[in-house]
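Values below: every heavy atom of this structure, side chains too, minus hydrogens, waters and symmetry copies. From a predicted model like this one, the values you see are computed outputs, not experimental measurements. So you know, we letter chains A, B, ... as the sequences are listed, proteins then strands, and number each from 1.
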Amino acid sequence: MPELPEVETIKNTLKLLVKGKQIKDVSIYWPNIIKKPTDTEKFKYILTGQVFRDIDRKGKFLLFYLDDDVLVSHLRMEGKYSIHQSEEPAKKHTHVIFTFTDGTELRYNDVRKFGTMHLFPKGYEHTEQPLSKLGPDALANTFTSTLLYEKLTKTTRFIKTCLLDQTIVAGLGNIYVDEVLFKASVHPLKRGNELTNKEIQAIQEATVLILKNAVQKGGTTIRSYTNSHGEMGMFQQHLSVYGKEDEPCITCGNPIVKIKISGRGSHVCTTCQKK
DNA sequence: TTGGGTGTTGAGTA
DNA sequence: ATACTCAACACCCA
């Protein structure tokens with residue numbers, strides 16, 4: 001589900017809810033979510049007693065900073081965090097519960113169980129997988145058109161595939177890539193090395209504009225995404241192509257078509273986005 | 001009823 | 001190197 005704007009919104013809403021809370025216990029109902037350490041008893045032991053100090057984000061990853069360690073969490077398709085009273089019964093797809101000393105709990109819910117958690121001693125989180133492989137965050141000032149130009153012009157891959165590749169730029173997913181390429185007037189099947197300097201600049205600028213706008217609108221809710229207060233995003237009202245198959249293009253009026261690129265549904269106006 | 005599709009990403013294969 | 005398929009999993013819809 002969540003791409004950069006959704007994860008950023010979750011970070012902002014969750015930060016206020018967990019800061020200063022001390023972990024009394026951790027319950028794990030689906031161990032496959034815990035990727036490091038592989039021993040879930042060790043995972044629990046390390047976390048117990050620590051206090052949540054801050055939350056950061058890189059690309060689509062949440063970084064929970066505790067006293068001595070950092071919990072790196074990826075929500076994949078449908079992961080969600082929410083705060084509850086301990087007495088409140090857990091929902092159907094709650095897989096990890098962090099019980100706090102004040103009688104509340106942070107619960108991780110994930111219908112499809114694709115999400116991941118990695119625990120690192122502070123200082124090691126960025127130099128080891130999964131974060132070590134990421135390119136610059138799409139909203140960081142290190143994401144420049146110069147850098148994008150260097151990475152794109154030496155590959156023959158489709159631009160859509162490149163923008164989904166988190167080692168090139170971190171944070172874009174299927175919705176926002178389609179929106180970015182429409183705004184930049186670039187066809188998703190254009191190859192990296194076919195792009196002009198001007199097109200790459202347009203892609204970089206569209207990325208920043210769209211993502212900032214989407215963060216400001218609280219993200220995009222298509223079916224299940226909510227922030228950690230349970231509120232929906234509003235950016236779905238501003239989508240130009242994603243989910244608009246057969247609807248008229250807002251620029252030229254021709255119908256948006258849906259094609260498949262590396263297994264992902266891709267929405268494009270073949271009139272506005274030249275190949 | 002069943003197969004195809006879903007906001008992600010790694011592995012395997014040709 | 002690249003593009004595709006599958007797998008992880010549950011649910012929704014035509």
(request) Using the C1' atom on both, measure C:dA8 against B:dT1 and round to a whole Å. (result) 25 Å
(message) Looking at A:Glu199, is its backbone amide N or carbonyl O close enough to the side chain of A:Thr196 to form a donor-acceptor pair, meaning the two atoms are under 3.5 Å apart?
(response) yes
(message) For a quick check of understanding: with a heavy-atom distance under 4.0 Å over all strands, which category does A:Gly173 fall into, base, sugar-phosphate or nothing?
(response) sugar-phosphate
(request) Using a 4.0 Å heavy-atom cut-off across all strands, classify A:Thr220 as base, sugar-phosphate, or nothing. (result) base
(request) Ignoring backbone atoms, establish whether A:Thr155 has a side-chain N or O less than 4.0 Å from OP1 or OP2 of C:dT2. (result) yes
(request) May I ask which nucleotide in the shown strands pairs with C:dA8, Watson-Crick or G-U wobble, both distances under 3.5 Å? (result) B:dT8
(request) With the side chain of A:Gln166 defined as its heavy atoms from C-beta on, choose the nearest nucleotide among C:dC9, B:dT8, B:dT9. (result) B:dT9
(request) Look at all strands and tell whether A:Thr156 reaches a base, only sugar-phosphate, or nothing, counting heavy atoms closer than 4.0 Å. (result) sugar-phosphate
(request) Please report the shortest heavy-atom distance between A:Ser224 and A:Lys80, naming the atom on each side. (result) O-NZ, 2.9 Å
(request) For B:dT8 versus C:dA1, give the span between their P atoms, rounded off to a whole number of Å. (result) 25 Å
(request) Would you please confirm or rule out a distance under 4.0 Å between OP1 or OP2 of B:dG7 and any side-chain N or O of A:Arg223? (result) no
(request) Please check the phosphate of C:dC11 (OP1 and OP2 only) for any side-chain N or O of A:His93 closer than 4.0 Å. (result) yes
(message) So is the aromatic ring of A:Phe114 stacked onto the base of C:dA8, judging by whether the centres are under 5.5 Å apart and the planes are under 30° apart?
(response) yes
(message) Just N and O in the side chain of A:Lys113: are any of them under 4.0 Å from OP1 or OP2 of B:dT9?
(response) no
(request) Return the orientation label for the A:Tyr81 and A:Tyr108 ring planes: parallel under 30°, perpendicular over 60°, tilted otherwise. (result) tilted
(request) Measure up the A:Phe52 and A:Phe98 rings against each other and bin them: parallel (under 30°), tilted (30 to 60°), perpendicular (over 60°). (result) perpendicular
(message) Rounded to whole Å, please give me the gap between CD1 in A:Ile10 and P in B:dG7.
(response) 16 Å
(message) I'd like to know if the side chain of A:Lys183 pairs up with that of A:Ser240 as donor and acceptor (distance under 3.5 Å, no hydrogens or angles considered).
(response) no
(request) Please report, rounded to the nearest Å, how far the C1' atom of C:dA7 is from the CG atom of A:Asn32. (result) 13 Å
(message) From the set C:dA3, B:dT8, B:dG5, return the single nucleotide nearest to any side-chain atom of A:Lys260.
(response) B:dG5
(message) Mind checking if A:Lys35 touches a base, just sugar-phosphate, or nothing, with heavy atoms under 4.0 Å?
(response) nothing
(request) Report yes if at least one side-chain N or O of A:Lys60 is closer than 4.0 Å to OP1 or OP2 of B:dT9; otherwise report no. (result) yes
(message) What's A:Lys92 touching, base or sugar-phosphate or nothing? Going by heavy atoms closer than 4.0 Å.
(response) sugar-phosphate
(message) Between A:His95 and A:Asp110 (side chain of the first, backbone of the second, donor and acceptor by atom type, cut-off under 3.5 Å), is there such a pair?
(response) yes
(request) Take the protein atom CG of A:Leu172 and the nucleotide atom P of B:dG7, then report the distance between them rounded to whole Å. (result) 14 Å
(request) Rounded to whole angstrom, note down the C1' distance from B:dG4 over to C:dT5. (result) 15 Å
(request) Just call it for A:Tyr242: base, sugar-phosphate, or nothing, with non-hydrogen atoms closer than 4.0 Å on any strand. (result) sugar-phosphate
(request) Could you tell me whether the side chain of A:Thr127 reaches within less than 4.5 Å of the side chain of A:Ser132, counting heavy atoms only? (result) no
(request) Confirm from the modelled atom types if A:Arg76 and B:dG7 form a donor-acceptor pair under 3.5 Å, side chain to base only. (result) no
(request) Using only heavy-atom distances, decide whether a donor-acceptor pair under 3.5 angstrom links the side-chain of A:Arg112 to the base of B:dT6. (result) yes
(request) Would you kindly give the NZ-to-P distance between A:Lys160 and B:dT8, to the nearest whole Å? (result) 9 Å
(request) Nearest whole angstrom, please: distance from the C1' of C:dC12 to the CD of A:Glu78. (result) 11 Å
(request) Please report, rounded to the nearest Å, how far the P atom of B:dG7 is from the NE2 atom of A:His267. (result) 8 Å
(request) Give the rounded distance in Å between these two atoms: NZ of A:Lys154 and P of C:dA1. (result) 11 Å
(request) Determine the Euclidean distance between corresponding P atoms of C:dC13 and B:dG7; express it in Å to zero decimal places. (result) 15 Å
(request) State which of C:dC4, B:dG7, C:dA10 makes the closest approach to the side chain of A:Ser262. (result) C:dC4
(request) Could you check how far CD1 of A:Ile259 sits from C1' of B:dG5, rounded to whole Å? (result) 17 Å
